[in-house]
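These numbers were taken from a predicted model, which means no experiment stands behind them. The first residue of the sequence shown is numbered 1, and numbering continues consecutively from there.
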Amino acid sequence: MTHLPSKPDPANRYREAEQFLAALDTDWQALVTHVGPCIHQPRPERDPYEALIRSVVYQQLHTRAAERILQRLIDIYPHGHCPSPEEVLATPYETLRACGLSGAKATSILGLAQARLDGIIPDQATALQMPDEELIKQLTTLRGIGRWTVEMMMMYTLEHEDILPADDFGVRDGYRNLKRLDTAPTARALREIGQAWAPYRSVASWYLWRMPKQAAALSSQSDAQHQQTKILRKQGQSSHIRFAIAQCSLGALLVAENERGICAISLGDDTDVLLEQLQDRFKATELMEANPQLNQRVAQIVAMVEEPALGLSLPLDIQGSAFQQKVWELLRDIPVGQTLSYTQIAERLGMPKGARAVARACATNTLAIAIPCHRVVRQSGDLAGYRWGLERKKALLERERSKATRNKQA
């Protein structure tokens, strides 16, 4: 679990995140430059219970109206701050309603108080140790608490750095304006798109919230640049892709190639599934059977699987964000028989807190073996996820270490 580092100088607090986002593409660079430094202001002094109480009060109300109701609620108690769960439960329902709370909100606040006593709402120290999705699942069982409310609490109370409130209209519409789309992406689509913003999705959201106001200013900054981008994207599309499926000691091996080089290498147990995945990835492209050149290249890849020391010198069509490209380039420099941790790679990229982003870049690699993401492990040395199966990752590493050891002895 990571959260935004507390630094004494607020001007520098999010500098690493700003630089990361600006490096994604020209649109993000323009947005970060136009908006300026991120001044996101978390409130870590608030306990999760207090943050949820405030969220319920503020739901569907103008800020000033919500502030008045919250103050009336606080004024019920002599100490002048958020009431404890015991105090809330001892307050008559009618008294809560008299503050201006709707019946549903009064019931929700009573439920939050009981949930805190029951341990469903954790204290801050416990919440900081919980995986994001586990915390969201636990708290959204409570009346009046949805995913967005929990995500806001995680961003502002727990200072989590990697939260993307994809259900938030402002975030989705901000992305629509940023990319000049006709319609905003769905929450599900934005979560997929937002993988590239990790591990700084909270800061990315902060900038997207400010995008609608800046859309006009940004739209004129580079029309020619966007036209050039469209041309490049069109040039990057392939009219057809050739593929071949072979068998190796790790199971089925699918290799696909376009006019620029090898664009996919996949491992699996079921050849039909591998082909379906290829078709799903390249929906608008005609798939064709292998020609003699591709068959020769497939043989080279199979040989490398069995004898890692042979290496691989084939043209590759590596498609990804600027950050992903940097990660994959480092992976290709890891010698056979050796490994690096996600943290070590992040540090080499100048992003000491970017281990999770490195892990996601590894997870999105579509060129098994050629880009050796199997050589990346946890800091403890334990194996982490591998899109083609942990058993294959283990087998590859054991094979490579064995070959490296024999080569040293020879």
Side-chain angles (χ1 to χ4, degrees), residues 2 5 15-25 28-29 161-162 194-201 203-204 236 250 255 260-267 300-301 304-305 307-390 392-401 403-404 407-408:
T2 57
R15 183 167 295 171
E16 186 176 291
E18 293 160 10
Q19 293 172 343
F20 172 84
L21 294 171
L24 289 174
D25 58 39
W28 275 103
Q29 183 180 35
E161 70 166 5
D162 202 24
Q195 295 285 344
W197 311 336
Y200 301 112
R201 286 180 287 188
V203 177
L250 297 177
V255 180
R260 294 180 298 278
I262 304 296
C263 57
I265 303 175
S266 302
L267 296 163
Q300 289 181 254
I301 295 171
M304 182 185 174
V305 171
E307 293 288 341
L310 291 175
L312 192 66
S313 57
L314 294 175
L316 301 176
D317 180 26
I318 303 175
Q319 298 291 328
S321 69
F323 175 73
Q324 290 170 335
Q325 297 267 7
K326 290 177 183 178
V327 172
W328 296 338
E329 184 178 351
L330 276 176
L331 300 190
R332 297 180 72 189
D333 290 336
I334 303 175
V336 174
Q338 297 182 30
T339 60
L340 288 176
S341 71
Y342 298 104
T343 300
Q344 287 175 314
I345 292 175
E347 289 172 345
R348 293 189 183 191
L349 291 171
M351 295 173 51
K353 297 185 180 297
R356 291 176 68 179
V358 169
R360 287 190 174 90
C362 291
T364 56
N365 171 34
T366 58
L367 290 163
I369 314 299
I371 297 178
C373 56
H374 61 276
R375 294 175 190 161
V376 188
V377 297
R378 291 195 176 103
Q379 201 161 11
S380 63
D382 295 335
L383 300 189
Y386 188 57
R387 70 183 300 167
W388 298 287
L390 276 179
R392 289 189 177 89
K393 181 171 186 173
K394 181 180 179 182
L396 280 167
L397 289 176
E398 289 178 348
R399 184 174 301 172
E400 291 181 355
R401 286 167 181 155
K403 298 291 184 183
N407 288 340
K408 287 181 179 179

Rounding to 0.5 Å, atoms CD1 (I334) and CD (Q344) come to a distance of 9.0 Å
Margin query: Has R375 got a side-chain atom pairing as donor or acceptor with T339's backbone, closer than 3.5 angstrom?
Written below: no
| field | Min side-chain heavy-atom separation R260-Q319 under 4.5 Å | value | yes
Requested in this report: Please report the C-alpha distance between R399 and L250 in whole Å, then the side-chain angles of each, then the deciding distance to 0.1 Å, and finally whether the side-chain contact (heavy atoms from CB on, under 4.5 Å) criterion is met.
Outcome: CA-CA 11 Å; R399 184 174 301 172; L250 297 177; 4.2 Å; yes
Q29 and A22 have their tightest heavy-atom pair at CB-O, 3.4 Å
When every non-hydrogen atom of Y386 is compared with those of A368, the smallest separation belongs to OH-CB, 4.2 Å
- Residue pair E400 / P372, side-chain heavy-atom distance below 4.5 Å: no
Practice prompt. Please confirm whether the backbone N or O of A363 pairs with a side-chain atom of R387, one donor and one acceptor, at under 3.5 Å?
Written response: yes
To the nearest 0.5 Å, atom CD of E347 lies from atom CG of L349 at 10.0 Å
I'd like to know whether CD of E329 has more than 12 heavy-atom contacts from other residues, nucleotides or ligands below 6.0 angstrom. no
By side chain to side chain contact (heavy atoms under 4.5 Å, CB included), Q325 pairs with (sequence neighbours left out) I318
Of W28, F323, F20, the one forming a ring-ring contact (aromatic ring centres under 6.0 Å, His included) with Y200 is F20
Distance col, row Q324:CD vs L24:CG, nearest 0.5 angstrom, shows 9.5 Å
### Task
Before accepting this row, confirm whether a basic side-chain N of the pair D333/R348 lies closer than 4.0 Å to the acidic partner's carboxylate O.
no
Rounding to 0.5 Å, atoms NE2 (H374) and CG (L331) come to a distance of 10.0 Å
Do the side chains of M304 and L314 get nearer than 4.5 Å, heavy atoms only?
no
In short, I371 meets N365 closest at the heavy-atom pair O-ND2, 2.9 Å
Scanning both residues in full, the closest heavy-atom pair of W388 with L267 reads CD1-O, 3.1 Å
Value for OH (Y342) from CD (Q379), rounded to nearest 0.5 Å, stands at 12.5 Å
Could you give me the CA-CA distance, side-chain angles and deciding distance for L340 and V376, then say whether side-chain contact (heavy atoms from CB on, under 4.5 Å) is met? CA-CA 5 Å; L340 288 176; V376 188; 5.6 Å; no
For P199 and G354, the nearest pair of non-hydrogen atoms, with its separation, is CG-CA, 3.8 Å
- Task: Look at the side chain of W197 and the backbone N and O of V203, then say whether any donor-acceptor pair between them is shorter than 3.5 Å.
- Result: no
**Exercise: do Q195 and T364 side chains pair donor with acceptor under 3.5 Å** = no
Interatomic distance, NZ@K393 vs CD@E398, rounded to 0.5 Å, equals 13.0 Å
Closest non-hydrogen atoms of A264 and L367, given as atom of the first, atom of the second and distance, are N-CD2, 3.5 Å
